[in-house]
Amino acid sequence: MSPYAAGRRRVHRSVAAVVPLAVAAALLSARSADASAPAAQAQVVRTATLGDVPLGTFSNGLLPGSVADDRGVDLGGIGSDIYPAGRKGEFWTVTDRGPNGQIKVNGSKRRTFPVPGFDPAIVRIKVTGDTVRVLRALPITTSSGKPVTGLPNQAGRDEAPYSYDARTALSYDPNGLDTEGIVRAADGSFWLVDEYGPSLVHVSARGEVLTRYVPRGLGLTGTDYPVVEALPPVLLHRKINRGFEGLAQLPGGDLVIALQSPLSLPDTDAGAASLTTRLLRFSPKRKAVTAEYAYRFDPVGVVDPGEDDTSELKISSVVAVGGDRLLVEERTDRAARLQVVRLDRKADILGGRWDDDTTSPSLEQLTDPAGSGVPVLAKRLVVDLGKVAGVPGKIEGVARVDHDTLALINDNDFGMTDGTGAFDAQGRLVDSGIETKVVYVRLPRGI
């Protein structure tokens with residue numbers, strides 16, 4: 001039994017109705033005529049919960065001595081992405097940079113890292129009944145075997161890191177990664193994406209960073225692993241804390257990377273108001289970006305009724321569903337919708353005027369990109385998860401279980417909240433009570 005398999009469990013089961021054949025025959029035509037009937041809607045068919053595992057126990061079991069004080073935080077944050085592991089009920093997941101929050105000091109928000117020694121990890125899980133169990137975990141390390149940490153890289157570009165109470169400044173770490181999407185290659189190695197650079201990270205089957213691909217002109221130095229400037233320099237305009245988040249692996253091995261939010265181009269106000277973000281196609285064989293696509297969000301009030309802040313829109317997951325088709329998750333922290341797009345070669349904008357940061361208006365400033373000649377990817381709605389009972393908030397990972405079923409995982413932020421109330425007077429976490437869950441959703445019409 002895994003040493004991590006512990007803690008509270010909750011059970012959520014779907015109920016299947018048993019209908020006599022005669023009644024079923026009588027209802028058949030009515031169901032066909034009414035596509036909105038409950039039987040034709042997506043529904044949660046399984047919910048499993050990760051139990052409580054002290055973060056210090058988890059981290060020090062991988063890298064002894066890495067965490068001196070976990071401040072009462074449990075393992076969480078593994079919901080940054082989810083990828084099938086090849087066995088029924090088993091998935092690869094990845095943590096984000098670790099417990100972090102924001103506290104306002106003298107009118108300015110400071111980014112806090114309560115457990116600065118935490119090392120992001122690749123975690124293999126198994127879903128059994130209502131339980132999520134950790135089978136295996138790989139610490140992400142530098143070339144010399146040291147933890148990469150989740151601390152920001154560069155002063156002036158990334159948010160400054162502070163202690164849990166926002167009173168003490170911490171050191172930047174050029175090795176640090178804010179890991180998000182994950183896929184596993186045929187050779188057993190992993191590909192991850194990171195929000196800081198933003199960057200694409202190739203990791204060995206044992207967790208060692210082999211290469212980190214970053215935008216040209218980033219100038220990241222002092223790392224204990226190879227860094228290659230191979231991505232378009234326009235990505236240097238990524239919004240803080242909104243770099244790469246989604247990652248998919250196409251059948252031929254190419255990768256598709258999703259920029260979580262529109263670029264801050266030409267400025268932060270333009271990025272916050274924009275509905276246009278970008279997808280990149282990367283060839284591991286050529287070690288280069290080979291295509292770029294414009295992706296257009298639906299209005300925020302469509303994705304999340306009642307929300308009026310466009311900057312809340314994000315892409316958190318992209319999933320290959322055959323050929324050049326992708327499932328794309330548009331979300332806020334409360335709601336999400338899954339769309340299907342096809343990566344049409346005619347929609348490639350790589351190296352054109354929209355990659356020139358002097359172009360005015362920028363791609364992000366266009367209110368009607370298609371009307372301005374931009375080949376925006378066409379999309380089709382598959383499911384509105386905000387209308388599916390039992391789906392938790394902040395879904396960041398999506399995986400395909402079979403033709404009709406998706407596995408979703410939420411990011412519980414390690415039980416963290418923002419503000420001075422996140423920790424008690426003794427510096428121990430006041431847990432939010434939000435658990436890490438894997439939810440299976442069945443789609444009546446498939447994808």
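Residue numbers count from 1 along this sequence.
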Say whether [X] and [Y], considering side chains only, have a donor N or O and an acceptor N or O under 3.5 Å apart.
| X | Y | value |
| --- | --- | --- |
| Y196 | Q154 | no |
| S261 | K314 | no |
| S316 | R331 | yes |

| task | Flag the pair F118 / F113 as yes when their ring centroid distance falls below 6.0 Å, and as no otherwise. | result |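 Ring-ring flag for F118/F113: false, centres at least 6.0 Å apart.
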Set of side chain to side chain contact (heavy atoms under 4.5 Å, CB included) partners for [X], sequence neighbours left out:
| X | value |
| --- | --- |
| P284 | W191, D254, L255, F282 |
| S66 | S59, N60, L63 |
| D187 | A185, S189 |
| R442 | V45, D404, T405 |

| task | Run through V234, T276, L363, L236 and flag the one making a side chain to side chain contact (heavy atoms under 4.5 Å, CB included) with L263. | result |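 The option that passes is V234.
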Show the atom names and distances, to 0.1 Å, of all donor-acceptor pairs under 3.5 Å that link a side chain in residues 223-231 to residues at least two apart or in another chain.
unit_1, atom_1, unit_2, atom_2, d
T223, OG1, Y225, O, 2.8
D224, OD2, T142, OG1, 2.6
D224, OD2, S144, N, 3.4
D224, OD2, S144, OG, 2.4
Y225, OH, N175, O, 3.0
Y225, OH, R212, NH1, 3.0
E229, OE1, G217, N, 2.8
E229, OE2, L218, N, 3.4
E229, OE2, G219, N, 3.0

| task | Determine which pairs satisfy salt bridge (Lys or Arg N to Asp or Glu O under 4.0 Å) with at least one residue from residues 94-108, sequence neighbours left out, and list them in order. | result |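 Found R97-D178.
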| query | Checking T436 side chain against G76 main chain: does a donor-acceptor pair fall under 3.5 Å? | reply |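 No; zero donor-acceptor contacts below 3.5 Å.
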| Within 45° cone and under 6.0 Å: R428 NZ/CZ vs F423 ring |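 That pair does not qualify as a cation-pi contact.
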| query | Charged N to carboxylate O under 4.0 angstrom, K239 versus E195? | reply | no
| query | Got a sec: does the CZ of R216 have more than 12 other heavy atoms crowding it under 6.0 Å? | reply | yes
